[in-house]
Amino acid sequence: MARKRIGVARGVTAAIVLILMGQQAVAAELAQSGSVPQAGAAVTGWPNPWQVRLRALGVITEDSGYVNAVPGSGLSYSNTVTPELDISYYFTDNIATELILGTTYANIEGQGAIGALGNVGKVWLLPPTLTLQYHFTNFGAFKPYVGAGLNYTIFYNQHAGSADALKVDNTFGTALQVGFDYMVDQHWGINFDVKKLFLKPDFDVTVDGAKQTGKAELDPWLIGAGVTYRF
């Protein structure tokens, strides 16, 4: 786990360094070309690299998982709808990085051999995700993109239901992404986005005084629609 945390910290640090290098490179290019705008002049050169989106997000989980010591055990999870904010930085017209922010909850239900438990518990999760994207720019106002990245999910406000105690471990995951913006004008657009998170946290659960371990295979689809604003 320590190695994974170090790896993520390095990855985030690298992303920040790339952003700063990208800003310096753009400034240098403008200075060399003589296109740095003078005070009071209209800005017509390189577009602002920052962009934000606000989406309504549907979280659809895979109903899979198990308790290690109980053959035939299964788990299912509630689907939810939640707001999502993301912040993008464009290194070029085609290459961007996106930080995805949002939080939601999941009710955990016993299935199969543990179906009699019903609602095992409820947890809230915060899954910040950083993706690197390629944006296609040859379709006019229609701007599709694909992306892939890294996720770290934090589970908090965990409450046991039929179980005596429940603890889902924070975990790393990966993400794939596809979507598009349809730009209404230079700044505003409409966005549709689909992400797949590969998320399989371990958990500890205590039932009738017996402590068990297992794995919750959430692997959610994140389906969102909303508005885009390019600065």
Could you tell me if [Y] and [X] have a donor-acceptor pair between their side chains, going purely by distance under 3.5 Å?
{"X": "D63", "Y": "S76", "result": "no"}
{"X": "D204", "Y": "Q212", "result": "no"}
{"X": "D93", "Y": "T137", "result": "no"}
{"X": "T80", "Y": "T104", "result": "yes"}

Just wondering, do [Y] and [X] contact through their side chains at under 4.5 Å, heavy atoms?
{"X": "D219", "Y": "T61", "value": "no"}
{"X": "L75", "Y": "Q111", "value": "no"}
{"X": "F203", "Y": "T213", "value": "no"}
{"X": "Y77", "Y": "L218", "value": "yes"}
{"X": "K215", "Y": "Y66", "value": "yes"}
{"X": "L199", "Y": "F172", "value": "no"}
{"X": "I190", "Y": "V227", "value": "no"}
{"X": "F139", "Y": "P144", "value": "yes"}

May I ask whether [X] and [Y] are part of the same hydrophobic cluster, defined by side-chain heavy atoms of I, L, V, M, F, W, Y residues being less than 4.5 angstrom apart, directly or through others?
{"X": "V207", "Y": "V168", "answer": "yes"}
{"X": "V70", "Y": "V205", "answer": "yes"}
{"X": "L132", "Y": "W50", "answer": "yes"}
{"X": "I108", "Y": "F155", "answer": "yes"}
{"X": "L57", "Y": "V194", "answer": "no"}

For this session: Enumerate the residue pairs fulfilling side-chain hydrogen bond (donor to acceptor under 3.5 Å, both in side chains) with a member in residues 155-167, sequence neighbours excluded, ordered by first and then second residue.
Result: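 Sorted result for residues 155-167: T103-Y156, K167-D169.
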For this session: For the pair R55 and E84, find out whether any cationic side-chain nitrogen is under 4.0 Å from an anionic carboxylate oxygen.
Result: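 Between E84 and R55 there is a salt bridge, with a charged N closer than 4.0 Å to a carboxylate O.
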Problem set entry | Lys/Arg-Asp/Glu bridge criterion (N-O < 4.0 Å) met for K196, E62 |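 The answer is yes: the pair qualifies as a salt bridge.
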Problem set entry | Residues I154, L125; criterion side-chain contact (heavy atoms from CB on, under 4.5 Å); working and verdict | CA-CA 6 Å; I154 301 166; L125 53 153; over 6 Å; no
Looking at [X] and [Y], what are the two nearest heavy atoms and their distance?
{"X": "T153", "Y": "P127", "answer": "OG1-CB, 3.5 Å"}
{"X": "T129", "Y": "A175", "answer": "CG2-CB, 3.7 Å"}
{"X": "T171", "Y": "P201", "answer": "CG2-CB, 3.8 Å"}
{"X": "T131", "Y": "T97", "answer": "O-OG1, 3.1 Å"}
{"X": "A113", "Y": "P71", "answer": "CB-O, 3.4 Å"}
{"X": "G173", "Y": "L150", "answer": "O-CD1, 3.3 Å"}

Problem set entry | Aromatic ring proximity, centroids under 6.0 angstrom, Y182 and F142 |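 Here the rings of Y182 and F142 have centres that are no less than 6.0 Å from each other.
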Exercise. Is the distance between the ring centroids of F231 and Y229 under 6.0 Å?
Worked result: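 Yes: the rings meet the under 6.0 Å criterion.
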For this session: Give the C-alpha distance, both sets of side-chain angles, the deciding distance and a yes or no for side-chain contact (heavy atoms from CB on, under 4.5 Å) between Y152 and N170.
Result: CA-CA 7 Å; Y152 183 70; N170 299 341; 3.3 Å; yes
Exercise. Going through the distances and angles, do E98 and L130 end up as a side-chain contact (heavy atoms from CB on, under 4.5 Å)?
Worked result: CA-CA 6 Å; E98 179 185 74; L130 184 67; over 6 Å; no
Exercise. Where the side chain of T206 meets the backbone of K211, is there a donor-acceptor pair that is under 3.5 Å apart?
Worked result: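 Not a single qualifying donor-acceptor pair exists.
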Exercise. Is the charged tip of K143 near the ring of F136: under 6.0 Å from the six-membered ring centre and within 45° of its axis?
Worked result: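 No - K143 does not lie over the ring of F136 by the 6.0 Å and 45° rule.
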For this session: Considering only Ile, Leu, Val, Met, Phe, Trp and Tyr, and joining two whenever side-chain heavy atoms are under 4.5 Å apart, list the other residues clustered with Y145.
Result: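 Y145 shares its hydrophobic cluster with no other residue.
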Exercise. Quick one: CZ on F198 to OG1 on T174, what's the gap to the nearest 0.5 Å?
Worked result: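 The CZ atom of F198 sits 5.5 Å away from the OG1 atom of T174.
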Problem set entry | CG on L176 to CH2 on W221, rounded to 0.5 Å |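 Atom-to-atom, W221:CH2 and L176:CG are 8.5 Å apart.
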Problem set entry | Results of side-chain contact (heavy atoms from CB on, under 4.5 Å) for Q51 - residues two or more places apart only |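 Here the qualifying residues are R53, S88, Y90, D181, T228, R230.
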